[in-house]
Protein chains: 2
Amino acid sequence: MASIKDVAAEAGVSVATVSRVLNDHPSVSADARARVLAAVEVLGYRPNAVARSLRTDQTHTLGLVISDVMNPYFTELARSVEEEARALGYSVIIGNADERPDLQDHHVRNLLDRRIDGLLVSPTDGASPLMLDAARGGTPMVFVDRWIPGVDVPVVRADGQSAIRDLVAHLHGLGHRRLAIIAGPAATTTGRERVEVFRKALAAHGLELPDAYTGQGDFQAESGRRVTEGFLDLAEPPEAVFAADNLMALGALDAIRARGLRVPHDIALAAFDDIPWFVHTDPPITAIAQPTGELGRAAVRALVDRIEGRTPRSVTLAARLVVRRSCGEDPAENPVTNRSTS
Amino acid sequence: MASIKDVAAEAGVSVATVSRVLNDHPSVSADARARVLAAVEVLGYRPNAVARSLRTDQTHTLGLVISDVMNPYFTELARSVEEEARALGYSVIIGNADERPDLQDHHVRNLLDRRIDGLLVSPTDGASPLMLDAARGGTPMVFVDRWIPGVDVPVVRADGQSAIRDLVAHLHGLGHRRLAIIAGPAATTTGRERVEVFRKALAAHGLELPDAYTGQGDFQAESGRRVTEGFLDLAEPPEAVFAADNLMALGALDAIRARGLRVPHDIALAAFDDIPWFVHTDPPITAIAQPTGELGRAAVRALVDRIEGRTPRSVTLAARLVVRRSCGEDPAENPVTNRSTS
DNA sequence: CCTCCTTGTGGAATCGATTACATCGACTGC
DNA sequence: GCAGTCGATGTAATCGATTCCACAAGGAGG
């Protein structure tokens with residue numbers, strides 16, 4: 001592959017001049033510029049990004065480490081991150097941690113070795129020493145969706161508080177009193193937080209969240225199935241199940257079907273994270289929707305701000321409840337609510 | 001960040017020795033090795049992959065350009081590609097073309113500039129000059145899922161012929177005679193091929209595929225909706241619709257629902273590409289499943305073979321029909337179904 | 001006509017690694 | 001005791017860019 005030297009030879013100038021033309025430095029004569037451009041054309045020359053990065057100490061690349069690509073929420077996040085990054089002149093390398101701390105570390109290390117300009121992370125676990133070092137060591141970093149408390153890194157996330165309160169009100173309004181939750185891993189902020197907010201929202205209605213109704217999942221479908229089976233085995237199973245992410249909701253749906261039970265007739269189901277498919281499931285699933293695209297874009301902007309020397313800001317956007325049919329027929333979904341009859 | 005020079009200074013040896021230790025070259029004394037390793041530890045040194053790549057002319061990175069990340073089929077493909085690549089010591093950079101030739105070219109160019117060791121592509125369109133140049137120019141390349149005819153590049157794909165024949169037999173067996181297809185873009189091999197195979201399979205049953213029953217989609221949900229609306233507007237709408245990918249099937253489902261029609265009672269629906277969500281839609285959708293994971297792994301192996309100087313082989317795996325309920329109840333298909341009543 | 005800028009250009013250092021080649025002891029074998 | 005080998009190490013070239021610095025030519029100003 002042609003190098004800058006070949007171009008210089010072809011154009012009859014020095015490599016310095018070629019470089020100037022390529023980076024449109026002002027002091028190059030029109031003549032030289034034309035000759036260089038012609039040579040570039042003839043040779044089909046493309047600058048070697050590796051060499052350039054070594055010299056300039058910039059890769060114009062962002063790393064994105066997410067917990068699970070197969071989760072549509074993260075897929076959408078990745079997509080919006082790439083879009084915004086591209087608009088700002090950066091590429092993105094995605095690392096899929098699959099909810100495994102060791103894989104997460106593998107990707108972080110790999111990205112650091114490649115000297116990416118900045119790192120976007122949705123941490124799988126509490127705090128790997130590696131990530132802490134990176135953060136303290138000055139690698140530009142931004143957390144997205146999940147974060148690690150106590151680390152001085154901007155966080156871009158959605159706040160589900162009011163949406164979860166709305167959900168509990170919705171369930172309560174439909175007459176459900178025994179509400180259960182399939183929690184995410186305690187090591188993640190979103191795993192813990194959603195349970196706590198849910199518990200508080202229940203309390204506001206005078207309801208408790210017994211331990212038996214708090215199942216420990218890991219954000220993967222299989223754990224949703226397992227936990228739900230546990231719920232259904234109880235002497236007094238819950239009337240409604242709230243899954244802390246979409247995949248666990250899917251697992252729950254499986255488990256419920258496998259028992260020959262029907263949603264919402266026999267048991268209500270709701271999920272955190274809305275995805276296109278929830279419209280098409282049987283029944284359509286009530287979910288809490290995050291502004292995923294906005295989240296991804298904001299995260300990239302924050303990270304690029306940090307990289308380019310501006311001060312990045314943490315961002316919190318609101319999630320919102322999207323009511324469908326999986327919690328029961330709400331005759332009055334549309335304004336009229338079930339006020340009159342029961 | 002510490003460089004190899006710092007390590008050399010700290011260990012009291014030359015950079016050559018440090019490099020030798022790091023690449024475990026045989027002739028290094030135990031003493032020197034120990035001192036270097038200690039220095040590496042102390043400084044938290046990590047080799048700069050950029051510098052290494054410049055020197056060795058290898059990045060140990062594969063590029064993967066796919067047509068649409070948001071399509072679960074490609075997400076799964078990407079995941080298996082990354083897994084296999086990691087197992088073989090390579091990283092993967094994903095470029096999402098979003099079914100847009102210009103974006104595809106952007107990513108190919110970007111990956112080439114970064115001097116990736118090899119390229120895995122599922123082309124969005126016929127043939128961009130850029131990609132042809134790359135292929136001819138000696139960049140190791142493998143096509144996956146889709147390919148460009150007439151280019152000498154190995155292809156790893158699934159063959160849907162027998163599965164499509166099975167599907168048509170299934171539909172025919174259920175009494176459907178007016179069968180329609182939502183095709184993919186004619187610029188893609190999978191777009192063209194699936195229509196042709198479908199047409200031939202119909203012919204085998206003495207059925208025709210009129211133009212009115214061949215809708216032109218673009219592998220995105222919205223086009224599935226549009227085409228299906230066209231079908232439903234016909235004086236004599238089809239009894240069954242086969243969507244050439246999963247997203248268009250989703251759009252079709254939307255369009256059907258929007259008319260207040262029911263699947264499979266009013267119209268049957270089937271899709272190419274099976275995805276986990278199809279089990280949970282209302283009704284569960286009959287689909288043709290590709291061995292996606294196997295495809296991704298085989299593609300990586302072929303590409304790495306090419307990169308490392310072995311001879312890569314094209315691979316064709318079989319797709320298979322997965323019958324669910326969206327084409328009608330098939331009493332025999334699944335013993336348990338509604339055999340007695342009706 | 002002589003300075004002093006300005007503009008355009010090339011030479012060479014540099015980024016952080018790898019690796020060919022030279023060197024230097026120590027050891028082997030005759 | 002000496003040539004030849006081998007193992008361990010260092011010096012320096014190299015990969016392909018960017019960029020500092022020096023320098024030449026030409027124009028402006030005194």
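Just so we're on the same page: letters track the sequence lines, and every chain starts at 1.
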Check: Among residues 5-12 of chain B, which contact DNA chain D at a heavy-atom distance under 4.0 Å?
Finding: none
Item checked: Nucleic acid contacts - residues 32-53 of chain B versus DNA chain D, non-hydrogen atoms under 4.0 Å -> B:Ala32
Next item on the list: With sequence neighbours left out, write down each residue that passes side chain to side chain donor-acceptor pair (under 3.5 Å) with B:Ser3, or none if nothing qualifies.
Entry: none
Next item on the list: Apply salt bridge (charged side-chain N to carboxylate O under 4.0 Å, His left out) to B:Arg136 and list each qualifying residue two or more places apart in sequence or on a separate chain.
Entry: none
Next item on the list: Report the residues that fulfil side chain to side chain donor-acceptor pair (under 3.5 Å) with B:Gln58, sequence neighbours left out, ordered by chain and then residue number.
Entry: B:His60
Check: Nucleotide range of DNA chain C contacted by chain B, 5' to 3', under 4.0 Å to a heavy atom?
Finding: C:dC15 to C:dA20
Notebook entry, point to check: What residue pairs, at least two apart or across chains, pass salt bridge (charged side-chain N to carboxylate O under 4.0 Å, His left out) with a residue in residues 3-22 of chain A?
Noted result: none
Next item on the list: Indicate yes or no: does B:Glu99 engage B:Arg146 in a salt bridge with an N to O separation below 4.0 Å.
Entry: yes
Margin query: Do B:Asp245 and B:Tyr73 have side chains that approach each other closer than 4.5 Å (heavy atoms only, starting at C-beta)?
Written below: no
Margin query: Under the rule for salt bridge (charged side-chain N to carboxylate O under 4.0 Å, His left out), what residues qualify as partners of A:Asp31, not counting sequence neighbours?
Written below: A:Arg35
Next item on the list: Starting from the first five and the last five pairs of the helix from C:dC1-D:dG30 to C:dC30-D:dG1, work out the angle between the resulting helix axes, to 10 degrees.
Entry: 50°
Using distance only, find each side-chain donor-acceptor pair of residues 120-127 of chain A under 3.5 Å and give its atom names and separation, not counting sequence neighbours.
residue: A:Ser122; atom: OG; partner: A:Val144; partner atom: O; Å: 3.3
residue: A:Thr124; atom: OG1; partner: A:Gln104; partner atom: OE1; Å: 3.2
residue: A:Asp125; atom: OD1; partner: A:Gln104; partner atom: NE2; Å: 3.2

Checklist line | Residue pairs passing the salt bridge (charged side-chain N to carboxylate O under 4.0 Å, His left out) test where at least one lies in residues 51-66 of chain A, sequence neighbours excluded | finding: none
Next item on the list: Could I get the full list of salt bridge (charged side-chain N to carboxylate O under 4.0 Å, His left out) partners for A:Arg297, not counting sequence neighbours?
Entry: A:Glu294
Next item on the list: Assign B:Ser19 to base, sugar-phosphate, or nothing according to its heavy-atom contacts below 4.0 angstrom with the strands shown.
Entry: base
